[in-house]
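Input: a single structure, listed below in structure tokens.
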Protein chains: 2
Amino acid sequence: VRKRRLGGWGFEGERYDASPALLAWLRERLGEASPLPATADPGAIPLPDARPLPAFSLPASTAARDRLFHARGQGLPDLLRLRAGRIPAVPDAVLRPGDEADVAAALEVCAGAGVRVVPWGGGTSVTGGVNAASGEAPSVVLDLERLAGLSGLDERSGLATFGAGTLGPALEGALAPHRFTLGHFPQSFELSTLGGWIATRSSGQESLGYGAIADLVAGLTLVAPVGRLELPAMPRTAAGPDLRAVVLGSEGRLGVVTRATVRIREKRPPLRVTGTLLPSWEAGLDAARAVLRAGLPLALLRLSDETETEVGVTLGLRAHRLLGAAARAWLAVRRVPERACLVLLGAPGDRAGARAVDDAGALLREHGGVGLGDRAGRRWQADRFRHPYLRDALLELGIAVETVETAAPWSRLAPLARTVRSAIEAALGAQGERTAVLCHLSHPYRDGASLYFTFFYRSPADPEAGVARWAAVKRAATEGIVRGGGTVSHHHGVGSWHAPWLPREIGERGHRALVAIAGSLDPEGVLNPQVLLDPVDRLDRG
Amino acid sequence: VRKRRLGGWGFEGERYDASPALLAWLRERLGEASPLPATADPGAIPLPDARPLPAFSLPASTAARDRLFHARGQGLPDLLRLRAGRIPAVPDAVLRPGDEADVAAALEVCAGAGVRVVPWGGGTSVTGGVNAASGEAPSVVLDLERLAGLSGLDERSGLATFGAGTLGPALEGALAPHRFTLGHFPQSFELSTLGGWIATRSSGQESLGYGAIADLVAGLTLVAPVGRLELPAMPRTAAGPDLRAVVLGSEGRLGVVTRATVRIREKRPPLRVTGTLLPSWEAGLDAARAVLRAGLPLALLRLSDETETEVGVTLGLRAHRLLGAAARAWLAVRRVPERACLVLLGAPGDRAGARAVDDAGALLREHGGVGLGDRAGRRWQADRFRHPYLRDALLELGIAVETVETAAPWSRLAPLARTVRSAIEAALGAQGERTAVLCHLSHPYRDGASLYFTFFYRSPADPEAGVARWAAVKRAATEGIVRGGGTVSHHHGVGSWHAPWLPREIGERGHRALVAIAGSLDPEGVLNPQVLLDPVDRLDRG
């Protein structure tokens with residue numbers, strides 16, 4: 001069993017170092033960075049004494065490592081604080097319920113005693129969604145790792161029931177002997193859980209083929225302080241408003257998702273991903289839209305802008321330069337511009353999948369595309385769950401990597417990308433810093449797509465200054481997203497950090513309607529009180 | 001302009017009479033029926049005096065025909081009461097807002113004065129969803145017919161914005177010059193509105209290809225007594241719980257849907273529908289499931305059970321016997337059983353559509369299917385919006401036709417169909433009556449499908465006795481649906497009549513969560529108070 005790292009992404013022992021070419025490229029764009037101080041020894045981090053807690057019917061761990069590991073998610077300021085060993089708030093105990101009755105009992109105790117509760121799946125939130133609440137009230141984490149595993153399989157209907165704490169690999173592993181798959185592969189796949197996917201409305205990298213988690217959940221059980229909400233698995237219903245869609249994205253505010261019945265499919269051969277270069281971002285947007293309109297059964301379409309293509313293809317993130325000199329000479333003959341845009345197309349590696357990729361490839365060629373074959377795709381696939389480790393490697397060198405994401409209708413995508421990029425550049429410029437902003441389109445739909453921005457900047461050695469710089473950029477980027485007509489989040493969720501912008505998207509009335517639902521299920525307001533519905537800007541305290 | 005009929009389906013002048021063969025078949029099964037008394041002259045129906053209303057900023061019609069036409073929907077007891085001229089409750093006035101400000105102003109007045117409000121689209125509810133509320137409080141209908149038409153078209157994103165009062169044909173008519181379609185064709189298509197589809201979570205007959213209205217709505221505006229809720233068009237979002245999915249199916253309880261932005265598609269040639277006979281219902285279920293699992297781009301799949309096939313194909317609903325003697329002799333040679341089951345497959349009439357139908361046809365043949373060609377499909381298509389007129393024609397003869405529908409996972413469909421059929425037969429048997437129950441599967445999904453039951457029984461001449469008989473059967477059928485693990489409704493909605501069973505499906509906690517949302521948007525509770533969330537069994541008062 002691989003051990004989770006404290007204060008960094010993923011598992012201990014994993015690394016993903018930047019290529020010398022990438023480091024040189026970053027140095028040229030950002031200036032020379034100063035490495036951060038070494039990561040604090042977790043054993044030496046001073047923790048506040050655990051506040052007195054009421055008696056629970058299940059063990060409440062107050063072990064330092066447990067409290068520390070469950071204090072924060074995986075956002076950039078979380079890493080900065082954990083690296084520095086300065087954690088503003090830590091839960092007083094970690095509870096690991098073994099069944100739904102344990103969850104109900106724990107919630108009853110917490111509601112009665114005013115103890116705040118953070119439900120915990122994989123802890124990979126990048127929105128402050130699992131961070132321990134500050135304030136006087138004691139708080140506990142409900143780690144759902146024991147509510148795991150396959151508990152029901154209806155092969156005829158293509159439905160499988162899992163405990164909410166089931167991790168991605170365990171879920172796919174339980175389905176594999178039955179030759180089924182869920183097909184949900186977020187970047188956090190190896191670390192995150194079904195319950196977490198539901199709570200945050202996750203989308204997987206193959207959402208074009210399998211749908212997002214909101215499409216995959218047929219039924220679920222939520223245990224709330226007032227009791228149990230069980231929504232049976234139905235293929236579709238007109239029995240009033242869809243409460244599944246209310247639990248999806250509720251981020252632990254309404255209750256604890258304890259299990260879910262998901263729509264599974266016959267397993268097909270692994271994804272095969274091919275690369276194509278398009279002459280420009282604009283051509284890429286047109287081509288991506290044309291592929292979507294054709295309704296081809298692809299699993300993945302991803303369009304990188306010129307800068308992301310330069311970093312990923314020409315430089316290579318690691319030692320892997322994707323195109324050698326010969327390939328580049330060939331591209332020059334084909335008159336592919338220096339600053340072209342990479343499109344990755346993916347589909348299961350069987351005949352139907354190959355046909356879908358071929359048909360899509362033909363549409364890309366109509367928009368000036370030049371095929372690169374499988375090499376770029378193979379590289380992307382090999383590293384698809386490993387890219388986040390690069391963030392830790394660069395942070396050691398004093399370079400912050402942050403990502404923000406949104407979605408919007410096709411007609412708004414090009415200006416929205418410009419608005420967000422400018423907002424990031426301006427926020428860093430105001431601090432006298434430069435940045436490099438990469439963007440890609442993914443999770444495309446007939447009516448729009450997601451935009452995902454990755455940007456680099458120098459992070460100061462002082463952790464408070466690092467958080468302050470991050471907060472200023474994050475605020476500007478989110479403001480740019482909302483101003484540009486994008487959604488607050490396509491798949492990272494709202495958490496604590498996006499919460500101030502939520503009312504801008506759904507309005508005051510919408511916000512109050514959600515508060516009313518929360519009030520009916522959690523009248524004492526003990527569940528994850530600083531996320532989703534609490535519109536206080538906590539970025540500087542991020 | 002065709003004129004809507006009062007006290008019967010659809011437009012004046014339309015009829016759909018039963019074939020002599022069908023009448024003989026019904027006589028054999030139900031016994032001799034006695035024609036109902038002639039329909040009451042609308043002009044002679046006594047109406048209660050309009051109760052005093054507060055002053056509105058827009059005209060409030062108190063014309064008798066307006067009040068009568070807007071008193072009830074199109075359920076069987078509605079027809080019985082309207083035919084008999086005995087209407088238990090009638091709205092005091094009909095308001096026709098011209099814009100969102102009118103709606104907001106009317107709601108403000110109503111909330112302030114305790115006047116109940118029934119939002120009105122096409123008035124085709126078959127669940128008591130638009131029936132005037134009984135009780136002391138005055139009530140008005142907000143007829144949205146003036147909030148109609150295309151107000152925005154984003155061709156690049158494939159999004160169109162319409163007023164909620166836009167009727168089906170007007171909506172498709174506005175898109176046609178731009179070569180787009182919404183593809184939403186419920187049986188009520190000619191009479192119902194976009195707002196009504198949203199309020200009731202409607203599914204169209206081609207939902208397999210285009211999705212249900214819940215898939216087609218990208219954004220919408222709801223005007224509630226507390227103010228305006230605007231949810232922008234987004235292809236997908238993880239910005240918290242999806243409030244669109246809360247407005248969808250809210251049946252006028254949360255506010256008035258005033259407009260919506262819908263996902264449109266390039267128009268393709270009209271549906272081409274082909275028929276295949278399967279040797280049994282069980283073979284048909286297996287075949288339908290196999291076709292769905294293959295993920296073929298069909299627009300429609302419909303499987304009739306043996307009895308519905310007998311009525312539709314062998315007898316013909318009207319004079320149209322679908323199979324002549326020669327065809328039947330041929331089927332005998334192919335060893336198709338006498339009591340076979342008809343499958344209709346539909347797809348747009350272009351090359352891609354033809355390929356989808358061919359591929360699906362091959363799967364049906366693997367399950368023993370024998371192709372019938374296009375004839376059955378052409379007949380179904382020609383009459384697809386006209387079948388409801390048959391209900392009026394038979395009711396004149398004293399024969400009630402009622403329909404109930406549900407959905408469930410594939411593994412539950414066969415026993416669920418038996419449970420519902422038995423419940424209907426037993427309820428009528430208890431009254432000394434016989435019935436004939438037809439069933440078809442439609443709106444299939446990977447994980448399940450809808451079941452739609454049509455049944456016939458003799459309706460007594462006395463309208464109160466007619467309503468009482470209907471109520472007893474309806475109660476038994478709905479109880480059977482819920483007991484058999486089906487949803488309370490796949491696409492008719494909850495209305496007043498299914499409301500007592502809603503807590504059985506979503507639980508007490510789910511019910512209270514919906515009540516809490518309603519309370520936040522309509523704190524005075526003036527909107528459609530007897531539907532959706534009011535679990536009083538009003539069937540006998542239906």
Side-chain angles (χ1 to χ4, degrees), chain A residues 154 156-159 200-201 212 218 224 226-243 245-246 248-250 263 295 297 407-411 443 445-449 487-494 502 505-507 509-510 512-514 516-517 519-521 532, chain B residues 154 156-159 200-201 212 218 224 226-243 245-246 248-250 263 295 297 407-411 443 445-449 487-494 502 505-507 509-510 512-514 516-517 519-521 532:
Chain A
D154 175 355
R156 184 163 170 86
S157 307
L159 293 171
T200 59
R201 282 193 166 262
V226 298
R228 200 159 168 273
L229 172 62
E230 185 170 0
L231 301 170
M234 292 293 178
R236 180 71 66 152
T237 161
D242 187 3
L243 287 170
V246 172
L248 282 152
S250 60
R263 300 179 171 123
W410 287 106
S411 60
H443 308 285
Y445 307 88
R446 281 181 174 271
D447 55 330
T487 176
V488 161
S489 170
H490 173 269
H491 61 271
H492 283 170
V494 176
L502 183 62
E505 180 163 340
I506 64 172
R509 303 302 172 193
R512 281 191 224 165
L514 294 182
I517 304 171
S520 91
L521 290 163
L532 189 61
Chain B
D154 175 354
R156 183 162 172 87
S157 307
L159 292 170
T200 59
R201 282 192 166 262
V226 298
R228 199 159 169 273
L229 172 63
E230 185 170 358
L231 301 170
M234 291 293 178
R236 179 72 65 154
T237 161
D242 187 3
L243 286 170
V246 171
L248 282 152
S250 60
R263 300 179 171 123
W410 287 105
S411 60
H443 308 285
Y445 306 88
R446 281 182 173 269
D447 55 330
T487 176
V488 162
S489 171
H490 172 270
H491 61 270
H492 283 169
V494 176
L502 183 62
E505 181 163 340
I506 64 172
R509 303 303 171 192
R512 281 190 224 165
L514 294 182
I517 304 171
S520 92
L521 291 164
L532 190 61

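In the text below, chain A, chain B and the rest are named by the order of the sequence lines, each starting its count at 1. Note that this is a predicted model, so its numbers are computed, not measured.
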Checklist entry - Is it the backbone or the side chain of B:T200 that comes under 4.5 Å from a heavy atom of chain A, or both, or neither? => result backbone
Item to check | Euclidean distance, A:R228 CZ relative to B:R509 CZ, rounded to 0.5 Å | outcome: 11.5 Å
Checklist outcome for this item: Whatever's closer than 4.5 Å to a heavy atom in chain A on B:E505 counts as both
Checklist outcome for this item: Given A:G448, A:S411, A:G158, A:S520, the one with more heavy-atom pairs under 4.5 angstrom with chain B than any other is A:S411
Checklist outcome for this item: Sequence neighbours excluded, the answer for side chain to side chain contact (heavy atoms under 4.5 Å, CB included) partners of A:A408 is A:R412, A:L413, A:L416
Checklist entry - What part of B:A449 is in contact with chain A, defined as an atom under 4.5 angstrom from a non-hydrogen atom: side chain, backbone, both or neither? => result backbone
Item to check | Under 4.5 Å from any heavy atom of chain A - which part of B:A407 | outcome: both
Next on the checklist: Is B:I506 in contact with chain A via its backbone, its side chain, both, or neither, using a 4.5 Å heavy-atom distance?
Outcome noted: both
Next on the checklist: Main chain of A:G240, side chain of B:R201: is a donor-acceptor contact present, judged purely on distance under 3.5 Å?
Outcome noted: yes
Item to check | Donor-acceptor pair, side chain of B:S157 and main chain of A:W410, under 3.5 angstrom | outcome: yes
Checklist outcome for this item: When the 4.5 angstrom heavy-atom criterion is applied to B:D154 and chain A, the contacting part is side chain
Item to check | Side chain / backbone / both / neither for A:R263 at chain B, heavy atoms under 4.5 Å | outcome: side chain
